[in-house]
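Report on the structure given below.
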Amino acid sequence: MEHCVGVEYMKFRATCKHCYLAAPLSQWSSKTSKKLQLYSLVKSPWLMVLDTYRNIITFIDPIYGEKYFIKTPQELKGDYQIYCSRYGWLLLYKSSGPLVFFNPLTSDIRKLPEVPYMQSFCFSAPPTSPNCIVVGFTTGTWDVYVHFVSGESSWRLDSLDFGSDHPYSFDFPTFNGRDIYALCSNKRIEAFRDIADDDFTWDEVTNNVPIKSSADYFLSSCDQHLLLVIVGAFGESLEVFKLNDSSDGWEKMDGLGKHMIYISNTSCICLEAKSPEMGNKIYFPRLLHNDDRKIVFYSLETRKYHTFDDNNIQEGFGTDLFKTNYLCYPHTWIEPSWP
């Protein structure tokens with residue numbers, strides 16, 4: 001048992017009643033963390049669920065369906081919500097508490113200076129990096145707040161003037177080099193150039209975002225390109241577009257090649273797949289109905305929704321999300337990251 005981890009551990013528990021009793025359900029520990037750094041489960045982001053009622057954080061591996069649990073740190077108990085996730089870190093907030101960075105795999109918590117309520121946030125690098133910049137957007141007053149994590153303990157405030165053509169919202173702000181791109185009201189893309197500079201500028205990159213009725217939009221950066229994922233309200237349609245830098249137009253993509261995309265309300269992460277079976281797919285924060293270990297993904301090759309059975313892709317179960325369950329608690333995708 002000392003050398004058993006992940007899927008082998010779960011299979012041992014399932015062998016018989018004696019094995020089941022001898023091997024309790026795995027909770028996260030420093031020993032587990034060290035094992036998993038070397039284990040193949042780390043080839044994908046995990047789905048993380050923040051149970052604010054029971055104060056438990058659950059990690060679900062999308063390939064094997066493995067689950068791991070940790071207790072929510074005392075400092076983060078309460079009605080915390082997730083702003084965004086990247087580089088293995090979460091940016092969390094609650095109405096009566098501070099904005100914090102949290103690495104659930106190392107239990108590192110870093111508080112940020114007080115700031116008004118924001119509609120959306122993004123950050124450029126892990127908070128352990130001297131180059132980490134946190135940027136928040138408000139709506140109504142159309143302000144941008146910028147904080148240099150390794151600099152002064154304050155926020156720089158910049159007010160935006162859009163005239164009468166102000167956006168209703170800034171969604172999925174995404175760093176691409178020194179610039180930030182944001183999806184505005186699901187209609188256009190705004191670029192904030194050299195956001196770290198006091199005299200940064202902003203401009204409209206394109207206003208011809210493909211409009212779909214009753215759809216969800218997700219913006220991500222991949223290999224210096226902007227990708228737009230549009231998902232029908234019930235998952236009945238799914239399209240991926242790439243922004244053409246020369247024409248400022250959107251090109252529909254038939255596939256992602258070796259890349260994979262993980263989407264949720266708080267994250268849209270595009271990565272190069274580390275194994276062939278993971279690529280050319282879009283992963284959803286949804287579980288197969290009646291099986292809370294099967295994470296659902298959409299294959300751009302078959303144009304159907306599937307789940308994994310270990311490394312094997314199971315037969316597609318449909319062309320929409322009706323046979324899946326949505327997670328009610330705050331959740332996001334997190335990239336495993338250790339020092």
Under a 3.5 Å threshold, yes or no: a donor from one side chain and an acceptor from the other, between Ser159 and Asp143?
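On atom types as modelled, these side chains qualify, holding a pair under 3.5 Å.
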
To the closest 0.5 Å, what do you measure between CH2 (Trp333) and CG (Leu47)?
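The CH2 atom of Trp333 sits 4.5 Å away from the CG atom of Leu47.
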
Measure the CE-CD distance between Met278 and Glu272 for me, rounded to the nearest 0.5 Å.
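Taking CE in Met278 and CD in Glu272, the distance rounds to 12.5 Å.
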
Counting only heavy atoms not in Asp197, do more than 12 fall under 6.0 Å of its CG?
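Above 12, so yes.
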
Count the heavy atoms of every other residue, nucleotide or ligand shown that sit under 6.0 Å from CG of Asp161, and state whether that count exceeds 12.
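At most 12 heavy atoms, drawn from other residues, nucleotides or ligands, come within 6.0 Å of this atom.
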
With a 4.0 Å cut-off, would you call [X] and [Y] a salt bridge?
| X | Y | answer |
| --- | --- | --- |
| Arg293 | Asp61 | no |
| Arg188 | Glu204 | yes |
| Glu301 | Lys281 | no |
| Asp309 | Lys294 | yes |
| Asp179 | Arg193 | yes |

Let's go through Ser129 and Tyr87 carefully: what are the C-alpha distance in whole Å and the side-chain angles of both, what is the deciding distance for side chain to side chain donor-acceptor pair (under 3.5 Å) to 0.1 Å, and is it a yes or a no?
CA-CA 11 Å; Ser129 167; Tyr87 312 110; over 6 Å; no

Candidate pair Tyr298 and Tyr305, rule ring-ring contact (aromatic ring centres under 6.0 Å, His included), full reasoning
CA-CA 4 Å; Tyr298 182 84; Tyr305 292 92; 5.0 Å; yes

Connected via hydrophobic side-chain network under 4.5 Å: [X] and [Y]:
| X | Y | value |
| --- | --- | --- |
| Val205 | Phe218 | yes |
| Val134 | Val100 | no |
| Leu157 | Trp155 | yes |
| Val115 | Val144 | no |
| Ile180 | Leu99 | no |

Ser299 versus His306, closest heavy-atom pair with distance:
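Scanning both residues completely, I find the closest heavy atoms to be CB-CD2, 3.8 Å.
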
With side chain to side chain donor-acceptor pair (under 3.5 Å) as the test, would you mind laying out the steps for Thr266 and Thr332 before giving the verdict?
CA-CA 6 Å; Thr266 55; Thr332 192; 3.0 Å; yes

Run the numbers on Asp158 and Arg156 for salt bridge (Lys or Arg N to Asp or Glu O under 4.0 Å), then give the verdict.
CA-CA 7 Å; Asp158 297 287; Arg156 189 188 79 203; 2.8 Å; yes

Give the intermediate values and the outcome of side chain to side chain contact (heavy atoms under 4.5 Å, CB included) for residues Ile269 and Tyr283.
CA-CA 10 Å; Ile269 304 171; Tyr283 296 83; over 6 Å; no

Please tabulate, one pair per line, all N/O donor-acceptor pairs under 3.5 Å involving side-chain atoms of residues 219-236, not counting sequence neighbours.
unit_1: Ser220; atom_1: OG; unit_2: Cys268; atom_2: O; d: 3.1
unit_1: Asp223; atom_1: OD2; unit_2: His259; atom_2: NE2; d: 3.2
unit_1: Glu236; atom_1: OE1; unit_2: Phe234; atom_2: N; d: 2.9

Flag the pair Phe192 / Tyr181 as yes when their ring centroid distance falls below 6.0 Å, and as no otherwise.
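Here the rings of Tyr181 and Phe192 have centres that are no less than 6.0 Å from each other.
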
Within residues 110-137 or reaching into it, pairs that qualify as salt bridge (charged side-chain N to carboxylate O under 4.0 Å, His left out) - sequence neighbours excluded
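The answer is Asp108-Arg110.
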
Would you please test Phe284 and Leu321 for side chain to side chain contact (heavy atoms under 4.5 Å, CB included) and show each step?
CA-CA 10 Å; Phe284 285 75; Leu321 294 169; 4.1 Å; yes

Derivation of the side chain to side chain contact (heavy atoms under 4.5 Å, CB included) call for His147 and Leu112
CA-CA 9 Å; His147 174 59; Leu112 295 176; 3.9 Å; yes

Apply side chain to side chain contact (heavy atoms under 4.5 Å, CB included) to Tyr329 and Ile57, showing your working.
CA-CA 10 Å; Tyr329 288 109; Ile57 298 173; over 6 Å; no

Would Asp194 and Arg178 count as a salt bridge (Lys or Arg N to Asp or Glu O under 4.0 Å) here? Give the steps.
CA-CA 5 Å; Asp194 295 318; Arg178 291 172 54 86; 2.9 Å; yes

So among Trp89, Phe123, Tyr93, Phe101, which one has a ring pair (Phe, Tyr, Trp, His ring centres under 6.0 Å) with Tyr83?
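Going through the options one by one, the only one that passes is Tyr93.
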
